[in-house]
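Report on the following structure.
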Amino acid sequence: MTFSAGGRVVPWWSQHANRSEWARMIRRAVAFGVICVVMIATLSAGLSAQTQPARSLPGQPGGIEDASLDARVESILQKMTVEEKVGQLVQYSAGQPTGPGTGRTDYNDMIARGQIGSLFNVIDPNEINKYQKIAMEKARLHIPILFGLDVLHGFKTEFPIPLGLASTWDPSIVEKASRVAAMEASADGIRWTFSPMVDIARDARWGRMAEGAGEDPFLGSAMAVAYVRGYQGARLDAPDSIAACAKHYVGYGAAEAGRDYNSTEISEHTLRQYYMPPFHAAVEAGTASLMSAFNSLNGMPSAANAFTLKQVLRQEWGFRGLVVSDWNAVGELIPQGVAAEGATAARKAFLAGVDMDMVSSLYHDHLQQVVSLREATQAELDDAVRHVLRLKLALGLFEHPFVDEGAAAKALYHPDSIALAQTAAERSFVLLKNAGGPGGKALLPLANGIKSIAVIGPLGDDSSYPGGAPQGAGPRVSLPTALAQRIGGDQVVRFKGTGILDGTDAEIAAAVAGAQKADVVVLALGESPDMSGEAASRAHLGLPGRQQELLEAIVRTNRPVVLILFSGRPLTVPWAFEHVPAVIAAWLPGIGGGPALARTLFGDVNPSGKLVVSWPRSVGQEPLYYNSLNTGRPPGDVDLTRPPTDIVSKYVSRYLDEQNSPQFPFGYGESYTSYSYGTTTISTQRLSAAALNKSLSSRTVAMTAEAEVTNTGSRPGEEVVQLYIQLRGTSLAEPVRMLKGFQTVAIAPGEAKKVKFELKPEAFAIWNDRNEFAAEAAKVTVWISPDSARGSAAQAEIVP
Ligand code: BGC
């Protein structure tokens, strides 16, 4: 597949001229003073009609913007009382009777009175129907309840965690996985998922890095689109479609010190250039909903942030879907300090643009009064309710409110879905190191003649493969079982060695004794699934508990060791990278993890995953990301592996005690074959900013870039080829590199393939010092490379 900023196959989300591009053009035109106010007014009026999307994106028609919904929305709205309107904006978690706002027991009565618009965490179809029956039969207006759930990487058939899915660099896999999730969840009666999480994550201390697509906005946007397309399918009202919810808007991934829920300080430039693009891409792809985040952004909590929710999301991007708060985020405005009591919190969140209040109950308690005191207008209330009704209508819930309880289970764990989960896992593994085999060769893949394998470590059992999707169970084959199926049951021995956080000397000794008798040791170490995800920040990123001790004891046996790291983030294990011959980052691979790993170890699969986050050497380097700015004191040729010895090596941007570079850079991943990259050539050395700006939203090709990639090894492989650019001399400093294209190419041994990228004008545009998206005069460097740290450079220039 190809994904490039203007590539042969253009990103789905930028294939069509759309409203936001119009909005962008209008803003630019105003800035440049080239069109008059009358024209702007005319264009804007045309855009606000929103009935003529000049695009054929998923769900259009059949999506959230479908004009045929308008009349029905208005006719229901007309009949509603203020209480019923507020009711549509109220959501509770009916499945977990704990936590603020969820301790209610009167959902049945509330539904009958039209006081609840949505429930989530109800997974039993029978329960779903019971609640729905009340809404459809007892409530005056028969408005169905919208049932939601965190379907994050599969419903029952569990796929790798999103960080793993992103490591495939394959949006089509993500789209297919989300389709399976949608089919299973919808068959269960769940028509709304709180996914995808499209937060940019630059700090591995933040546990929720596991839930997203990593640190890059370009890749993150591609993945955001893939999730939305997969969940929502061709039409939202198809019975197997579910509404997507891009979260957490916005900047949540920049939580200070990586501590979850922490505040963020992000400039508008950085927000627009790095944190917002995946959300914008999700909106462009037709996401039906968005979730506001927990974090304060420059002092303003996200649930009360009219700049992000109204100005950018509604006005600039023209979003017409539903905005839901995060869990009790309306209530959290009080501890966050912008409200002293519930009524103010409800008013502030509502006026800022949060349509639906997740679990705090403050809309239920106060919103009617907010309206009656005229602190919010009827029109504002109607608008928020429209967003809810529109979504329910778009999903076809009025026509089909009930789930077929008999059919629900049949949609789960289809063999094709399980096969896809396994393929996704295979593609998600990142081979970080592969050396140290017999005769100086690489250790992996394992030779077929291997007679005995010891699987050692707390994460060697099937219970370790899931992560974050608590509802998933299903048929799993553990790694030892999958290996036993391959080489024979007696040949595989299993030792726990340690727990994840604990362990005894005796357990370690038993594992060492087991290792000594084995041909190969497969060490399964890392984090338990609950050590990443929400509320799972870590200040130390090494192996938890006694696992490092176990690792060193096993390596001392001098048996060949393959280390498989299971985690929701990169782990700082420099000792392992120095002493263990082969290391695979397996993330949390889901239901297909065991067989996928066995096939990878034996070379049935050639690893092709690449890192979507920079892998730190030590936690003190965080936040660590490849697309950082240069400093005025780059270290250049200074040897950062030694402490400074003179003023030349000292007064540069560096640590006294650590290198600047990551252990492995963004985009990195090895393979069982090897590739060589030829020179990058570009179609033009000279671009004009004026011309680029004129065609910024068009699909014209501004530049093509090409390089030959040769498979120099002896196995067929799939290589993720990446294209980066750098712009120098711009009004604001731009990063040392920015990803602008990627594609996976299958290359046979000895074969050389020309890999070509087409860059559209927008690839050269930046959010400038006036917070406009535009191309500027600049020196341009273009790399086609295997990762963010290598590749041959071609030079060009953008003249004014
Ligand atoms: C999380 C969201 C999630 C919500 C509902 C919150 O705590 O931040 O990502 O969707 O709970 O479960």
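Just follow the structure's listing: the first ligand is 1, and inside any ligand the first atom is 1.
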Practice problem: Please report the closest heavy-atom contact between E215 and F666, naming both atoms and the distance. | Solution: OE2-CB, 3.5 Å
Quiz item: Which of the listed options, Q91, M358, E534, holds the heavy atom that is closest to atom 7 (O) of ligand 1?
Solution: E534
Quiz item: Any chance the rings of W327 and F194 have centres within less than 6.0 Å?
Solution: no
Practice problem: Determine the sole option in K310, R272, M276 for which the side chain to side chain contact (heavy atoms under 4.5 Å, CB included) test with E316 is passed. | Solution: R272
Practice problem: Using distance alone, decide if ligand 1 has a nitrogen or oxygen within less than 3.5 Å of any nitrogen or oxygen in D150. | Solution: yes
Self-check item: Per-atom contacts, ligand 1 versus F120 - under 4.0 Å to a heavy atom
Solution: 5 (C), 12 (O)
Quiz item: Any non-hydrogen atom of H248 lying under 4.0 Å from ligand 1?
Solution: yes
Practice problem: Measure the CE-CG distance between M136 and N129 for me, rounded to the nearest 0.5 Å. | Solution: 11.5 Å
Exercise. Please confirm whether D326 comes within less than 3.5 Å of ligand 1 when only nitrogen or oxygen atoms on both sides are compared.
Key: yes
Practice problem: Examine ligand 1 and decide if any of its atoms is less than 4.0 Å from a heavy atom belonging to M197. | Solution: no
Practice problem: Considering the heavy atoms of K247, write down every atom of ligand 1 situated less than 4.0 Å from one of them. | Solution: 2 (C), 3 (C), 9 (O), 10 (O)
Quiz item: Going by the order shown, which atoms of ligand 1 are within less than 4.0 Å of some heavy atom of F194?
Solution: 10 (O)
Quiz prompt | Value rounded to 0.5 Å, distance of CD in E127 from CG in N121 | solution = 12.0 Å
Quiz prompt | Spacing of I200 atom CD1 and T270 atom OG1 [to the nearest 0.5 Å] | solution = 12.0 Å
Quiz item: Does the ring of Y363 carry R347 above it, NZ/CZ under 6.0 angstrom from centre and within 45° of its axis?
Solution: no
Practice problem: For ligand 1, note which part of R208 has a heavy atom under 4.0 Å away: side chain, backbone, both or neither. | Solution: side chain
Quiz prompt | Residue portion contacting ligand 1 (non-hydrogen atoms closer than 4.0 Å) for M291 | solution = side chain
Quiz item: Can you tell me how far the CD1 atom of I111 sits from the CD1 atom of I145, to the nearest 0.5 Å?
Solution: 4.5 Å
Exercise. Ignoring angles and geometry beyond distance, decide whether E211 reaches within less than 3.5 Å of ligand 1 through its nitrogen or oxygen atoms.
Key: no
Self-check item: ligand 1 N/O within reach of W327 N/O, cut-off under 3.5 Å
Solution: no
